[in-house]
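The structure appears right after this line, and notes come after that.
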Amino acid sequence: MPSEYNFKHIEKKWQKYWYNNNIFECTEDPEMQKFYALIEFPYPSGAGLHLGHIKAFTSMEIIARKKRLEGYNVLFPIGYDAFGLPTENYAMHVKKHPRVVTDENIKQFKEQLQSVGYSFCWNRTVDTTDPHFYKWTQWIFLKLFEKGLAYKSHTNVNFCPSCKVVLANEESQDGICDRCGSEIVQKEKDVWFLKIREYADKLLDGLNDVNFPERIKIEQQNWIGKSTGAEITFKVKCDNESYDIPVYTTRPDTIFGATFLVVSPEHPILEKFADKIINAKEILSYRDIAKNKKEFDRVNVNKDKTGVEVKGLHAINPATGKAIPIFTADYVMLGYGTGAIMAVPAHDQRDWDFAKKYNLPIIEVIKGGDIEKEAYAAKIGGTMVNSGFLDGLTVKQAIEKIIKFLEEKGLGFAKTDFKMKDWAFNRQRYWGEPIPIINCPHCGQVPVPYDQLPLKLPDLKNIAPSKTAESPLSKCKKWLKTKCPICSSDATRETDTMPQWAGSSWYFLRYMSPFDENYAVNPDAYNYWGQVDWYNGGMEHVTRHLIYSRFWNHFLYDIGVVKFREPYLRRSAQGLILGADGEKMSKSRGNTVNTLDVINTYGADVLRTFILFIGDYEKPAPWQADGIKGCVRFLSKVWNLVDILCDDCNTSDLNLDALIKKVDEDYENIKFNTAIAALMSALNTIYARGKISKLEFKTILLLLNPVAPHITSELYLNIFNEYIEKATFPKFDESKLLFNTVEIPVQEAGKLRGRVIVPVDSEESFVLNAISELGLFKDKDILKTVYVKNRIINLITKPKS
RNA sequence: GCCGAAAUGGUGGAAUGGCAGACGCGGCGGACUCAAAAUCCGCAGAAGAUUAUCUUCGUGUGGGUUCAAGUCCCACUUUCGGCACCA
């Protein structure tokens with residue numbers, strides 16, 4: 001009689017064995033096939049592990065353990081993405097240094113992760129705040145700078161006028177300061193950008209080469225937002241001066257309907273002709289109002305269009321040669337296209353609204369709509385009218401012809417544009433990687449020499465954000481003041497730090513050679529591990545981390561650091577774990593579940609099993625605490641299988657090959673819930689018959705091992721006298737997947753009427769014979785039969801005449 | 001507004017176009033127990049009938065394709081996620 005399953009004792013025992021003996025550490029071994037399984041490394045906040053981490057990590061944990069049993073050399077690393085706001089704010093709150101807080105949090109994370117029994121390669125752990133790590137983050141930045149992909153430019157930062165502090169976007173949701181609730185204003189500042197737009201096409205193309213879920217590809221495509229159109233020059237004549245306003249449009253065919261221009265309130269033409277514009281004062285005050293509008297209002301689609309005519313200036317429509325008025329309006333954004341549009345009110349609803357409000361002409365140039373009622377946004381397909389030499393053409397033909405026309409006149413050209421903006425690569429905060437640039441009064445922006453990396457963060461006592469919109473680093477004069485590496489003049493360091501997303505943009509490469517002092521990633525190690533085979537993470541990172549890290553990898557490919565353009569071969573994304581009420585877990589809702597409580601009450605194996613069993617891995621699922629009992633019962637049934645183990649019993653009611661196939665394929669297809677269900681079913685069969693063979697036991701332990709490694713390791717060692725990690729994941733025999741007989745449902749016009757049991761692969765006549773023996777359809781004539789071998793038979797009948 | 005995902009018993013969820021509700025939870029009945037917990041056995045979508053059985057209905061709504069539709073097509077409704085005056 002075995003003892004009751006004491007998970008506390010057994011789980012601790014195995015964790016000790018795994019971690020003290022480095023069971024999961026791996027080294028490059030050319031004899032073995034590699035497999036690189038990656039999870040998004042956690043941000044080590046003081047709150048510790050939550051269920052979201054567990055769900056995210058457990059999937060790759062299953063894959064990693066399974067691949068090891070299948071004989072792969074598995075890299076399944078862990079690290080910490082530790083720079084960032086929460087740590088910094090918490091550190092200030094408790095009056096400790098962020099370094100200290102980070103170290104404490106990492107220690108806690110490690111303990112908690114190990115209490116779940118994860119098979120990470122612990123001795124490759126990376127920490128983005130470690131100078132040995134961020135040395136290479138800075139190195140990559142300098143490479144980007146060298147290639148002209150990092151530049152400093154004017155932009156707005158979120159500034160809280162009450163706290164007098166620059167806020168990160170996540171601290172200023174909806175234009176409200178997180179800390180004091182005041183309205184954020186935009187403050188102009190020179191900050192760093194990375195030219196991710198230059199990689200937009202490559203990032204789009206690369207999606208063809210990777211196995212990502214379609215929803216992720218589509219989201220990235222939408223984020224990049226490629227559009228094709230034309231840039232067209234509208235000449236502005238004012239006295240004797242001539243000035244070009246380029247506009248971007250996706251519909252150059254509608255140019256004959258362009259009855260006015262609209263420029264954004266920040267457009268340079270307004271400054272340039274300030275003295276020529278009759279109502280310059282009105283224009284400037286409109287600009288100031290627009291500038292101070294909360295982003296939220298400016299972006300609100302439903303609000304009334306406002307704008308001001310720029311009096312004294314006119315633009316020439318290059319197709320018609322006619323002068324048209326110029327307006328400024330805040331529905332035109334400086335940051336997209338050229339910051340100016342040609343307004344075609346007949347065929348664009350926003351322009352139509354604006355034209356109606358300001359009583360501007362609306363000229364129909366594509367037939368088909370009723371432009372008195374609303375704009376007719378004809379897709380490719382209409383016929384051109386009122387369009388001079390374009391009349392009668394299709395939209396497609398018109399686009400070609402007008403672009404040719406404009407090119408010949410030097411007034412336009414075909415152009416693609418992207419919604420994605422360049423990556424604002426800066427924060428005015430302490431706890432981040434210092435940007436390794438020196439500002440020299442003579443030489444300008446000079447990179448810190450490579451041999452002086454890492455440029456370490458100075459040890460500041462006061463890390464509070466500055467009230468002057470400068471980084472706290474600017475207060476550290478000793479650090480700030482330096483010599484120019486080129487001309488040795490007195491110079492100052494760049495004081496902005498890198499954003500949250502810097503370290504995570506390349507950490508997966510560092511895992512391959514975490515301690516290499518000479519390379520970001522050691523070439524030999526890279527040649528072995530190459531691409532990440534499978535990367536699991538959250539949907540919330542699709543348009544941030546996932547796109548940033550693809551960008552950096554593309555760049556590192558272009559400069560020869562890595563051999564593959566795309567970093568990740570396969571990506572999956574877990575669905576959220578929701579509270580029992582079906583809402584997002586949050587402290588304010590009071591529907592959170594403490595991970596450690598679950599482990600203490602039920603054990604890590606139960607937690608792991610339940611979080612996978614709860615529903616489709618990729619869909620959101622509510623945590624229903626009652627449901628966990630099912631997994632407790634399941635594992636205790638596994639434990640008690642020993643009681644009914646028989647040496648040489650012959651069992652035929654459980655098809656082991658089918659079970660192996662089911663579980664194997666379900667794991668690979670991220671259908672963990674049905675894999676576990678299949679194992680539960682197998683146990684039901686076994687307990688109903690009351691005995692289990694050794695082969696069945698062995699198979700079930702191995703199949704279950706990735707999900708519940710503690711209990712299966714213990715049982716395997718006890719019964720088979722061998723460590724389970726030395727065993728091999730079971731394989732199935734394709735030829736043994738079916739039993740000798742099969743039950744065929746008998747339908748009449750699609751409705752179930754009965755069942756017959758026939759030998760596998762029976763012919764139709766045999767099945768029909770079996771049906772007539774049953775006595776079904778005695779009083780009916782069978783008009784037609786549809787028979788699918790081993791599956792179903794459907795009969796079309798009519799009453800006997 | 002645009003893009004994406006989803007809607008199945010009391011409940012979480014299963015179902016390569018082929019027996020809807022696998023596997024769980026909860027529920028009900030029984031066994032064990034002085035009793036309870038735990039455990040084990042059994043029942044269980046809804047309605048109806050001539051009730052050992054059988055029939056009809058049933059996967060958000062309305063149509064369609066098919067021998068056969070939760071699954072495919074068309075049109076909607078609702079919920080969730082993302083983007084959003086993107087020219």
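Every chain is numbered from 1, with letters handed out A, B, ... down the list of sequences. What you see below is based on every heavy atom in this structure, not just the backbone, and it leaves out hydrogens, waters and symmetry mates.
- Nucleotide rG10(B) forms a pair with rC25(B), judged by Watson-Crick or G-U wobble geometry with both contacts under 3.5 Å.
- Looking at heavy-atom distances under 4.0 Å, Arg215(A) makes contact with sugar-phosphate atoms alone, never a base.
- To the nearest 0.5 Å, atoms OH (Tyr5(A)) and CG (Asn640(A)) are separated by 12.0 Å.
- Residue Ile218(A) has its side chain nearest to rG4(B) when only rG4(B), rG18(B), rC86(B) are considered.
- Note on Asp581(A) versus Arg589(A): no salt bridge recorded, every NZ/NE/NH1/NH2 to OD/OE distance being 4.0 Å or above.
- Across all strands, Phe613(A) comes closer than 4.0 Å to base atoms (heavy-atom distances).
- To the nearest whole angstrom, the two C1' atoms, one in rA22(B) and one in rG13(B), are 10 Å apart.
- Atom C1' of nucleotide rC83(B) and atom CZ of Phe418(A) are separated by 17 Å, given to the nearest angstrom.
- In this structure, Asp330(A) atom CG and rC86(B) atom P are separated by 13 Å, rounded to whole Å.
- When heavy atoms are screened at a 4.0 angstrom cut-off, Gln349(A) is found touching no nucleic acid atom at all.
- Whole-Å rounding puts the Leu612(A) CG to rG13(B) C1' distance at 14 Å.
- The Gln747(A) side chain lies nearest to rG18(B) when the options are rU11(B), rC67(B), rG18(B).
- Taking side-chain N and O atoms only, Tyr248(A) has no distance below 4.0 Å to OP1 or OP2 of rA87(B).
- Residues Glu266(A) and Ser264(A) have side chains that bring a donor and an acceptor to within less than 3.5 angstrom of each other.
- As a whole-Å value, the separation of Phe672(A) CZ from rG24(B) P is 20 Å.
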Next item on the list: Begin with the C-alpha distance, continue with both residues' side-chain angles, and end with the deciding distance and a verdict on ring pair (Phe, Tyr, Trp, His ring centres under 6.0 Å) for Phe327(A) and Phe354(A).
Entry: CA-CA 10 Å; Phe327(A) 281 74; Phe354(A) 196 83; 5.3 Å; yes
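- Between Phe256(A) atom CZ and Ile363(A) atom CD1 the span is 10.5 Å, to the nearest 0.5 Å.
- Comment: Arg197(A) engages Asp417(A) in a salt bridge, judged by a side-chain N to carboxylate O separation of less than 4.0 angstrom.
- Applying the Watson-Crick and G-U wobble criteria (two distances, each under 3.5 Å), rU16(B) pairs with nothing in any strand.
- In this structure, Ile547(A) atom CD1 and rC83(B) atom C1' are separated by 13 Å, rounded to whole Å.
- Rounded to whole Å, the distance from CG on Asp666(A) to C1' on rA14(B) is 11 Å.
- One can place CD1 of Ile792(A) at 11 Å from P of rA69(B), the figure rounded to the nearest angstrom.
- Nearest nucleotide to the side chain of Gln624(A), out of rC67(B), rU11(B), rG13(B): rU11(B).
- Using a 4.0 Å heavy-atom cutoff across all strands shown, Lys419(A) reaches at least one base atom of the nucleic acid.
- Straight-line distance between the C1' atoms of rG58(B) and rG48(B): roughly 14 Å, to the nearest whole Å.
- No contact: Lys662(A) has no heavy atom under 4.0 Å from any strand.
- Not a single donor-acceptor contact under 3.5 angstrom links the side-chain atoms of Asn222(A) to the base of rC3(B).
- Of the C1' atoms belonging to rA15(B) and rU59(B), the separation is 11 Å, rounded to the nearest Å.
- In the set rG18(B), rA14(B), rA87(B), the nucleotide with an atom closest to the side chain of Val788(A) is rG18(B).
- With hydrogens and angles ignored, a donor-acceptor pair under 3.5 angstrom links the side chain of Arg791(A) to the base of rU16(B).
- Using Watson-Crick or G-U wobble geometry with both donor-acceptor distances under 3.5 Å, rC2(B) finds its partner in rG82(B).
- Taking the syn range as angles within 90° of 0, the glycosidic angle of rU71(B) is outside it, so the base is anti.
- The partner of rC76(B) is rG60(B), judged by Watson-Crick or G-U wobble contacts that both fall below 3.5 Å.
- Judged by Watson-Crick or G-U wobble contacts below 3.5 Å, the nucleotide rG70(B) has no partner.
- Using N1 to N3 plus N6-O4 or O6-N4 for Watson-Crick, or N1-O2 and O6-N3 for G-U wobble, each under 3.5 Å, rA35(B) pairs with nothing.
- Residues Ile245(A) and His267(A) form a side-chain contact, since some pair of their non-hydrogen atoms from C-beta on lies under 4.5 Å apart.
- Put simply, Lys671(A) has no side-chain N or O that comes within less than 4.0 Å of OP1 or OP2 on rA15(B).
- Residue contacts shown for Asp417(A) are absent, as no nucleic acid heavy atom lies under 4.0 Å away.
- Ion pairing between Glu309(A) and Lys357(A) fails under the 4.0 Å rule for side-chain N and carboxylate O.
- Using a 4.0 Å cut-off, some side-chain N or O of Asn684(A) falls inside it from OP1 or OP2 of rG24(B).
- Toward the 5' end of RNA chain B, the nearer of the two residues Ile341(A) and Gly627(A), judged by each one's closest nucleotide, is Gly627(A).
- In this entry the distance linking CH2 of Trp223(A) with C1' of rC86(B) reads 12 Å, nearest Å.
- For the OP1/OP2 pair of rG26(B) and a distance below 4.0 Å, the side-chain nitrogens and oxygens of Arg633(A) include at least one atom meeting the criterion.
- Nucleotides rG70(B) and rU61(B), compared at atom C1', are 15 Å apart to the nearest Å.
- Under the 3.5 Å distance criterion, the side-chain polar atoms of Glu696(A) are left unmatched by any main-chain donor or acceptor of Leu656(A).
- Between Lys629(A) and rG26(B) there is a side-chain polar atom (N or O) within less than 4.0 angstrom of OP1 or OP2.
- Along RNA chain B, the nucleotide nearest to Thr674(A) and the one nearest to Tyr687(A) differ in position, and the one closer to the 5' end is contacted by Thr674(A).
- Rounded to whole Å, the separation between the P atoms of rA87(B) and rU77(B) comes to 26 Å.
- Of the candidate nucleotides rG26(B), rC67(B), rA22(B), rG26(B) has the atom lying nearest to any side-chain atom of Asp626(A).
- Atom name C1', nucleotides rU53(B) and rG62(B): the rounded distance is 36 Å, in whole Å.
- When both pairing distances are held under 3.5 Å, rU65(B) makes no Watson-Crick or G-U pair with any nucleotide shown.
- In this pair, Tyr617(A) and Phe672(A) present their aromatic rings perpendicular. The plane angle is above 60°, beyond the 30 to 60° band.
- rC86(B) and rG82(B) are spaced 16 Å apart, taking the C1' atom of each and rounding to whole Å.
- Within 4.0 Å of Asp351(A), counting heavy atoms only, lies no atom of the nucleic acid at all.
- In rG9(B) the O4'-C1'-N dihedral to the base is within 90° of 0, which defines a syn nucleotide.
- Atom name C1', nucleotides rU65(B) and rG12(B): the rounded distance is 34 Å, in whole Å.
- With rA22(B), rC19(B), rA87(B) as the candidates, the nucleotide lying closest to the side chain of Leu752(A) is rC19(B).
- Nucleic acid contact class of Arg755(A) (heavy atoms, under 4.0 Å, all strands): base.
- Look at rU50(B): it lacks any Watson-Crick or wobble partner with both distances under 3.5 angstrom.
- Glu219(A) comes within 4.0 angstrom of the backbone, heavy atoms only, and of no base.
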